[in-house]
Amino acid sequence: MDTVTTIDDLRARLDAVRAGGGSVGFVPTMGYLHEGHVELMRAAVRDCDHVVVSIFVNPLQFAAHEDLEDYPRDLRADSRQSADAGVATLFVPSGEEMYPVEPLTEVTVASITEEMEGRFRPTHFAGVATVVTKLFSIVGPCRAYFGEKDFQQLALVRRLVLDLSMPVEVVGCPTVREADGLAMSSRNVYLDADQRAAAPVLRRALLEGAARISAGERDADEIRRVMTAVIAEEPLGQLDYVEVADPLTLAPLEVCDTSARLLGCVRFGTTRLLDNVAAADGDGESR
Ligand code: AMP
């Protein structure tokens with residue numbers, strides 16, 4: 001595996017791959033990699049001839065009060081995991097390389113980004129859409145791999161690619177979890193021992209909502225109440241939101257069925273943990 005830090009070097013390498021008929025797969029990340037990221041890489045390595053992983057903590061998607069400076073970093077461990085997964089190129093640009101001038105161009109995806117994370121982080125998704133567009137234009141992948149863990153982000157990327165006819169197939173990959181059900185996240189490292197022990201409450205709440213839908217409940221407000229009540233039992237967690245949404249548009253539902261997506265965010269101290277499940281997961285198989 002080679003590590004590349006400039007856009008020109010990366011383009012030259014990938015042009016050569018494409019000229020030889022090879023397909024390029026791409027996994028964008030912010031580093032501090034865990035098994036969730038590694039699963040994306042494995043999927044990409046299975047499907048594509050040459051896999052690129054980017055590690056870039058994108059300042060555009062952090063608000064001034066957020067954890068940009070503190071975001072965990074460990075390039076040595078990231079390199080080892082990427083190489084072990086069969087990644088061909090690690091792209092690690094500096095902030096200067098990505099944004100040599102203050103960008104005047106911003107990509108926004110309406111509607112999908114308005115609820116949930118969009119309410120709590122109003123500038124976040126424009127930062128994501130802009131950097132994903134930029135990374136796609138740098139890498140030129142045939143396929144790009146994103147986790148269902150960040151379900152609203154995955155929906156945004158799918159819509160971005162559709163709306164702008166980008167020549168890339170977006171592949172969504174299932175959420176990888178710890179043994180107790182907590183979704184893996186680079187930010188889990190911020191949790192103290194008590195918060196870590198309490199953190200699976202979000203998944204339990206989502207699965208309880210899903211179970212009610214599987215059992216026949218169709219009133220989405222009732223499902224929100226059930227999920228809120230589960231989280232209220234955990235004093236260390238503060239609810240940001242729980243939602244019952246359309247799986248493609250992410251519009252909040254009034255009436256739901258087993259095609260719905262259940263999403264939530266709970267804060268433990270200053271750490272915001274996201275998770276989501278399919279309503280169909282309420283049939284007990286994945287519990
Ligand atoms: P991040 O480094 O947090 O920006 O995440 C990079 C990619 O990894 C995104 O597509 C995430 O959705 C995905 N990802 C993060 N955590 C997980 C997980 N636990 N399971 C599956 N994918 C994940």
Side-chain angles (χ1 to χ4, degrees), residues 25-47 51-62 66-68 70-75 77-79 81-82 85 87 90-93 98 112-113 116-117 121 124-125 127-136 139 141 143-161 168-191 196 199-200 202-203 206 250 261 263-266 271-278 281 286:
F26 180 41
V27 182
T29 82
M30 298 202 298
Y32 209 69
L33 304 178
H34 51 66
E35 200 52 31
H37 299 110
V38 171
E39 276 300 311
L40 302 187
M41 297 181 206
R42 290 196 189 111
V45 167
R46 273 195 299 274
D47 296 347
V51 173
V52 180
V53 170
S54 63
I55 297 179
F56 181 60
V57 183
N58 172 39
L60 293 188
Q61 69 193 66
F62 288 77
E66 292 180 347
D67 57 341
L68 174 63
D70 300 333
Y71 197 83
R73 291 166 167 86
D74 187 346
L75 186 55
D78 290 351
S79 299
Q81 291 186 80
S82 304
V87 169
L90 198 59
F91 178 49
V92 192
M98 286 293 277
I112 284 174
T113 60
M116 298 183 281
E117 286 304 287
R121 305 182 74 187
H124 172 67
F125 282 128
V128 170
T130 302
V131 81
V132 167
T133 303
K134 187 170 168 93
L135 286 167
F136 282 0
V139 175
R143 296 188 196 86
Y145 296 77
F146 292 83
E148 287 185 352
K149 150 83 172 31
D150 301 285
F151 198 80
Q152 201 172 5
Q153 170 175 282
L154 173 59
L156 168 164
V157 174
R158 287 193 192 285
R159 192 57 195 250
L160 172 71
V161 163
V168 52
E169 180 190 337
V170 177
V171 182
C173 299
T175 302
V176 178
R177 300 177 178 283
E178 303 286 358
D180 63 0
L182 176 66
M184 288 191 185
S185 165
S186 306
R187 289 186 167 107
N188 290 350
V189 70
Y190 296 147
L191 301 173
R196 172 63 190 82
L202 173 55
R203 168 131 212 263
L206 296 169
L250 292 189
R261 200 82 192 178
L263 307 94
C265 174
V266 174
T271 306
R272 300 179 68 251
L273 298 185
L274 310 187
D275 205 346
N276 66 91
V277 303
D281 290 342
S286 59

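Each ligand, and each atom within it, is numbered from 1 in the order the structure gives.
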Could you tell me whether the side chain of [Y] reaches within less than 4.5 Å of the side chain of [X], counting heavy atoms only?
X	Y	value
Leu191	Leu273	yes
Met116	Phe151	no
Leu33	Met41	yes
Glu35	Arg42	yes

Hey, is the main chain of Tyr32 close enough, under 3.5 Å, to the side chain of Ser186 for a donor-acceptor pair?
-> yes

Do me a favour and list the nearest non-hydrogen protein atom to [atom] with residue, atom name and distance?
atom	value
atom 20 (N) of ligand 1	Val176 N, 2.8 Å
atom 16 (N) of ligand 1	His34 CE1, 3.2 Å
atom 10 (O) of ligand 1	Gly147 N, 2.9 Å
atom 11 (C) of ligand 1	Asp150 OD2, 3.1 Å
atom 23 (C) of ligand 1	Lys149 CB, 3.9 Å

Any side-chain donor near an acceptor of the partner, Tyr190 and Asp67, under 3.5 Å = yes

Ligand-residue contact atoms, ligand 1 with [X], heavy atoms, under 4.0 Å:
X	value
Phe146	10 (O)
Met184	16 (N), 17 (C), 18 (C), 19 (N)
Leu40	7 (C), 8 (O), 10 (O), 13 (C)
Pro28	6 (C), 7 (C)

Checking side chain to side chain contact (heavy atoms under 4.5 Å, CB included) against Tyr145, which of Val53, Val170, Leu40, Val51 comes through?
-> Leu40

From the options His37, Gln153, Met30, select the one whose nearest heavy atom is closest to atom 5 (O) of ligand 1.
-> His37

Nearest non-hydrogen contact to atom 21 (C) of ligand 1 from the set Pro174, Ser186, Ala144 belongs to Pro174

Looking only at heavy atoms of Arg177, does any of them come nearer than 4.0 Å to an atom of ligand 1?
-> no

Could you walk me through whether Asp180 and Arg196 pass the side-chain contact (heavy atoms from CB on, under 4.5 Å) test, one step at a time?
-> CA-CA 10 Å; Asp180 63 0; Arg196 172 63 190 82; 2.9 Å; yes

